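One structure is given here, and the rest of the page talks about it.
These figures come from a predicted structure and were not determined experimentally. Labels below follow one simple rule: chain letters A, B, ... track the order of the sequence lines, proteins then strands, and each chain is numbered from 1.
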Amino acid sequence: MDESADIIRVTAEPLDVTALMQSVRLDSSGAVASFVGVVRDHHEGRRVHHLVYEAYAPMAELELHNIAAQMRQRWQISRVALAHRTGRLEIGEASVAVVVAAPHRREALEACSFGIEQIKKTVPIWKKEFDDDAGEWVIGDPSAT
Amino acid sequence: MDESADIIRVTAEPLDVTALMQSVRLDSSGAVASFVGVVRDHHEGRRVHHLVYEAYAPMAELELHNIAAQMRQRWQISRVALAHRTGRLEIGEASVAVVVAAPHRREALEACSFGIEQIKKTVPIWKKEFDDDAGEWVIGDPSAT
Amino acid sequence: MLINVKLFASYRELVGQEKVGLQCEPGATVGEAMQRLEQTYPVLGRQGYSPLTACNLRQVGRGHVLQEGDELAVFPPVSGG
Amino acid sequence: MLINVKLFASYRELVGQEKVGLQCEPGATVGEAMQRLEQTYPVLGRQGYSPLTACNLRQVGRGHVLQEGDELAVFPPVSGG
């Protein structure tokens with residue numbers, strides 16, 4: 001499979017997970033695994049009203065391509081979609097989507113799990129959490145990089 | 001979470017994975033993991049034209065409820081949808097969907113993986129594979145039950 | 001006593017029916033009912049795999065004791081997903 | 001030589017700009033550029049975490065040698081997902 005078939009997106013538009021699932025599937029794919037990160041109403045005991053994501057977009061896209069390439073190296077998979085939203089997101093909106101099509105289920109699920117872990121570790125995107133008035137940047141784990 | 005919130009379906013209608021993903025999400029869910037089994041164009045070296053799934057529907061629903069209950073026991077998850085299609089399916093159609101919403105990603109992904117493994121082992125559903133003319137029942141692994 | 005046998009997948013096609021009424025002795029086990037079923041439909045015993053059995057929607061082994069009116073499901077190893 | 005510094009998230013807000021031009025000696029390392037940046041914007045050094053750095057879209061350590069016109073990105077540990 002040609003790597004150029006990977007779908008990599010860092011976008012301010014809402015993530016269309018259904019479209020991503022349809023895009024990655026081939027007739028030889030028996031399995032489509034997906035992980036969607038969703039904005040939830042609390043984080044470490046604090047209420048969350050909404051989030052704002054900021055990305056270093058060109059580097060984030062490069063890192064997402066790297067992650068997709070690692071997934072291909074480690075598992076026999078057909079196609080990968082890695083997408084991250086930027087800008088303001090309300091509760092319930094999808095912030096990140098990892099969608100993997102593969103001939104078999106184990107590969108799809110394992111690669112999907114690896115994909116979201118790597119995204120959280122290496123992709124230059126930052127989250128600012130807002131409660132009803134103030135916002136605060138979430139600082140990641142520096143040892144994870 | 002009330003178990004009655006689980007979505008359990010054995011149906012001849014096409015599976016609407018997007019609707020299932022929306023149904024399982026709560027405002028406290030940060031993660032939605034899903035696995036979709038899709039009809040592919042070959043199986044163990046043979047070409048597949050279409051499939052027919054037959055279910056012992058009332059027992060299959062009971063088993064799916066059991067699996068959802070086991071998922072809740074083992075992982076902290078919000079809601080589960082387990083759906084299996086019956087009847088004739090063409091290449092690319094979804095035969096089975098496991099959708100799990102959870103506060104955190106690891107729980108969602110692990111429970112999702114467990115769910116599809118259990119479905120393939122214990123739920124009384126059978127697959128008949130058709131190439132261009134003849135059909136043949138796929139016989140599962142009796143030691144798996 | 002009358003046992004309501006339901007057949008699925010390959011077994012349904014081999015027998016040519018999805019439901020069969022089976023007369024058994026009172027207190028008969030699933031194993032005894034299966035023997036009687038295979039006497040009536042010898043083709044059931046000639047497959048390369050053994051049937052699984054469920055009584056009233058719960059999977060049971062050959063030693064399970066049947067009761068009048070039970071629904072005994074007979075099916076090959078599952079292959080859904 | 002001129003280095004094009006890009007600042008993200010908390011660092012962007014602390015400095016109040018997303019881009020800063022930084023004059024460095026030829027052959028300066030990322031570490032030396034960061035020292036100069038923190039001299040101009042002392043608030044950068046007073047956070048409870050250290051900035052990560054990337055040169056021309058690739059993450060680099062403090063020892064990386066910069067070249068005229070490089071894009072040096074400065075950002076906190078990532079928190080996407």
> To the nearest 0.5 Å, what is the distance between CG (C:L52) and OH (B:Y56)?
Replying inline: 13.0 Å

> chain C heavy atoms under 4.5 Å from B:A60: which part of the residue, side chain, backbone, both or neither?
Replying inline: neither

> Heavy atoms under 4.5 Å from chain B: which residues of residues 35-44 of chain C carry them?
Replying inline: none

> What part of B:K128 is in contact with chain C, defined as an atom under 4.5 angstrom from a non-hydrogen atom: side chain, backbone, both or neither?
Replying inline: side chain

>> Please output the residues of residues 92-109 of chain B in contact with chain C, using a heavy-atom cutoff of under 4.5 Å, in numerical order.
In response: B:S95, B:V96

>> Looking at B:H84 and C:G81, would you say the former's side chain and the latter's main chain have a donor-acceptor pair under 3.5 Å?
In response: yes

> Does atom CD of C:E25 have more than 12 heavy-atom neighbours from other groups under 6.0 Å away?
Replying inline: no

> Are C:R58 and B:M59 close enough that some pair of their side-chain heavy atoms sits under 4.5 Å apart?
Replying inline: no

> Using non-hydrogen atoms and a limit below 4.5 Å, what part of residues 10-19 of chain C faces chain B?
Replying inline: C:S10, C:R12, C:E13

> So B:W126 and C:F8, would you call those rings parallel, tilted or perpendicular, with 30° and 60° as cut-offs?
Replying inline: parallel

> Listed by residue number, which members of residues 64-76 of chain C have a heavy atom under 4.5 Å from any heavy atom of chain B?
Replying inline: C:E71, C:A73, C:F75, C:P76

> Do you know which two heavy atoms are closest between B:V138 and C:S79, and how far apart they sit?
Replying inline: O-OG, 2.8 Å

> Is it the side chain or the backbone of B:I139 that comes within 4.5 Å of chain C heavy atoms, both, or neither?
Replying inline: both

> Is chain C contacted by the side chain of B:Y53, its backbone, both, or neither, given a heavy-atom distance below 4.5 Å?
Replying inline: side chain

> Most heavy-atom pairs under 4.5 angstrom with chain C, which of B:I119, B:V52, B:V123?
Replying inline: B:V123

>> Can you give me the closest heavy-atom contact between B:T122 and C:V78, atom names plus distance?
In response: N-CG2, 4.2 Å

